[in-house]
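Numbered from 1 within each chain, the chains take letters A, B, ... in sequence-line order.
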2 protein chains.
Amino acid sequence: MAEPTRSTPRRRPTLADVAAHVGVSTTLVSLVMRDVPGASPVNRERIRRAAEELGYHPDSRAQLLRRSRSRLIGVVFRVQDPFDGDLVGGLYGAAGDADYELALSAVAPGRDERRAVASLLQDRCEALILLAPHSPTSFLAELAGRMPIVVVARSVRHRALDVVRTDNAAGLHLAVDHLVALGHSRTVHIDGGRAPGAAERRRGYHEAVRRHGLTDSSHVLPGGPTEDDGAAAARAFLDLHPRPTAVTVFNDRCATGVLDVLSKAGVSVPGQVSVVGFDDSRLARLSHVDLTTVAQNIGQMSHLAVTRAKDRLDGTDVGERELVVSPHLVVRSTTAPPTTTPSRPTATTASSPEAASLG
Amino acid sequence: MAEPTRSTPRRRPTLADVAAHVGVSTTLVSLVMRDVPGASPVNRERIRRAAEELGYHPDSRAQLLRRSRSRLIGVVFRVQDPFDGDLVGGLYGAAGDADYELALSAVAPGRDERRAVASLLQDRCEALILLAPHSPTSFLAELAGRMPIVVVARSVRHRALDVVRTDNAAGLHLAVDHLVALGHSRTVHIDGGRAPGAAERRRGYHEAVRRHGLTDSSHVLPGGPTEDDGAAAARAFLDLHPRPTAVTVFNDRCATGVLDVLSKAGVSVPGQVSVVGFDDSRLARLSHVDLTTVAQNIGQMSHLAVTRAKDRLDGTDVGERELVVSPHLVVRSTTAPPTTTPSRPTATTASSPEAASLG
DNA sequence: ATGAAAGCGCTAACAA
DNA sequence: TTGTTAGCGCTTTCAT
């Protein structure tokens, strides 16, 4: 019988193996492997060759154990969430620039944040970046007593926690300003419920419509972060009378559900209703969705999160604990001026909100 | 000035610190921390308390370095992909059952598979599970020379590689059988292009329509794995004449794009056209999508992947290198019997395909 | 430019 | 039940 390719071969080679193979000390091999000056070009070359030949990879555990610092930043993320996915991508880049490694720990069904964090603690991460964590502030604060903690995309007010987040209220100002500039006056905001950021976006909506003197022709409809939430809210929206001409939605996922229900109900977008999302996720960019949306600056947020972690580790004196990143509006094809066919003669002052639920 | 909560406190406590604090040997502390029998209840309690008090967490790098085995399985996944997300969730569970830890390494923009794998090699993983890898077989084979490699959701034929995948062809048989049972005869398959599994699904479609004697009234339309691909394919579909009454689509994402375009074109689903997806992703389950789809058994795949890695590590004699998991059909609301209103008098033999592009 | 030796925090013999 | 000792693979003084 021919021996098949061995899938469990001999013990992995160590520094000592490489050293022995070349006939030098482990010290020299260590230098060469780390690209540190102090070895003759000849030996450098021979050692490189031997390492390659033996298939040597340094053992990061041993390295980390020996080094005083791990240069490791832990990241807790929701493995299911596309926004977190984007952020993780950005974090890899930012960490590389800052000469740190990332250790990923996922939150998944059956694996909660505490477990994710615990595993990172064992890995000797020097700091933690938590993406939209839902743990109680007390837990986060306790962690912060151990090591620098950077919370991303959730607003937590605690003097030991660093926060990097989008200016959610400003995002809704952008959305409402855009709609008003197009000529809309009857608008609705579909809410994110208890999702992180939802309260601020709701507040931003209220502030913006008030600023435009449109409070009386504004609504907030209960919603949530998912497509399903959006679909349900859209059904409620269809019952509204007079029907608003524009909708701001908590996020893109939710907006997708809204769009789908409107489309199925024969309501054209942006012909009859304009829709604005939030996040500028891949969802929004799809050519057949092409959603006008408030974009979070993921690259900047990732960069700030890593930089803040690094600054804390370096003991750099940083000012604010909370870093608020400005969003910007991406206008695509789900917003347009309202059609000038009011269902009733225009009333200068809107009727009382209660009237809407009648008839 | 009041000293704010320190975010970079004293050196992390070690086993020795705990031991000194209690006044016992490190051995004893080690036993207790690992829940190994061999310590008196009294000491066990005192040590536990001291560890808690000092905020002690074992250093997994030191543990791993010292233990002969790391009991670590590396997972390479695409941080953006919802299907990979689901799998990672399943893998955590399966790994826990098998008493292994998972080390995650993401593929993201700017971080390719080689980098993801390299980092896992340094972490001294004993085996690697690669989710839908796109690296060339040669690279995977080379890896397999070092350690057990389990490839999930991609078909690779190599005697050193283990593969866990869904029976894609069978999935399309299920889909077509379902449609035919409903009474459909003019069908179309929207293809996945070069995506993993696309070729097998296409083949399954061809086999199934042939088996039903429907080859002449079948089409394959070029598509791809994304919503955009589906949207484009759907536009091509709308130009088909006579229009097929049912569509099988490469995957759920693509099917979503198809549904959206159909909806916007005023084509009712399942009234005028039935649609079947593939994956049973969260997308398909959304109440407003409610897509009939071929479900991959994620739980079983995760379990098999971990078990296979474990068996290789244990040297267990396993038979097949390729584990093929049967999918099943989830019937939801996008499939129904065809309406019996042919746009023209039924022709027994379909007109030549070229005719479609005319007029 | 090179090497010897100590030790990172832990576990696994072995002894007591 | 408890302690002593050696050493995992590496980096880091300190010699040479």
Distance in angstrom units between B/Arg67 CZ and C/dT11 C1', rounded: 8 Å
Donor-acceptor pair present, B/Ser40 side chain and D/dT2 base, under 3.5 Å: no
Separation of atom CG in B/Asp17 from atom C1' in C/dC8, rounded to whole Å: 13 Å
Sugar-phosphate, base or nothing in reach of B/Arg34, heavy atoms under 4.0 Å: sugar-phosphate
Whole-Å distance separating the CD1 atom of B/Ile47 from the P atom of D/dT1: 13 Å
A/Ser25 (side chain) and C/dA4 (base): donor-acceptor pair under 3.5 Å: no
Under-4.0 Å side-chain N/O to phosphate OP1/OP2 contact, B/Asn43 with D/dT1: no
Gap between atoms CZ and C1', on B/Arg12 and C/dG9 respectively (whole Å): 12 Å
Nearest-nucleotide comparison on DNA chain D, the residue closer to the 5′ end among A/Pro58 and B/Gly38: B/Gly38
SB check A/Glu52 A/Arg48 (cutoff 4.0 Å): no
Touch class at under 4.0 angstrom, heavy-atom based, for A/Leu28 against every strand present: sugar-phosphate
Length of the line joining A/Gln63:CD and D/dC10:P, which is rounded to integer Å: 7 Å
Verdict with reasoning, B/Leu15 to B/Ser30, per side-chain contact (heavy atoms from CB on, under 4.5 Å): CA-CA 7 Å; B/Leu15 254 198; B/Ser30 175; 3.9 Å; yes
Rounded distance (Å) that lies between atom P of C/dC10 and atom CG of A/Asp59: 16 Å
Of B/Leu31 and B/Arg124, the one whose closest DNA chain D nucleotide lies more 5': B/Leu31
Atom pair distance, as rounded to whole Å: CZ in B/Arg71 and P in C/dT11: 15 Å
Presence of salt bridge, A/Asp99 and A/Lys310, under 4.0 angstrom: no
Lys/Arg-Asp/Glu bridge criterion (N-O < 4.0 Å) met for B/Glu126, B/Arg69: yes
From CA spacing to verdict: salt bridge (charged side-chain N to carboxylate O under 4.0 Å, His left out), B/Arg12, B/Asp17: CA-CA 9 Å; B/Arg12 305 179 64 135; B/Asp17 295 328; over 6 Å; no
Between C/dT11 (P) and B/Leu15 (CG): distance, integer Å: 6 Å
Nearest to side-chain heavy atoms of B/Arg66, which nucleotide of C/dT2, C/dC8, C/dA12: C/dA12
Sugar-phosphate, base or nothing in reach of A/Thr27, heavy atoms under 4.0 Å: base
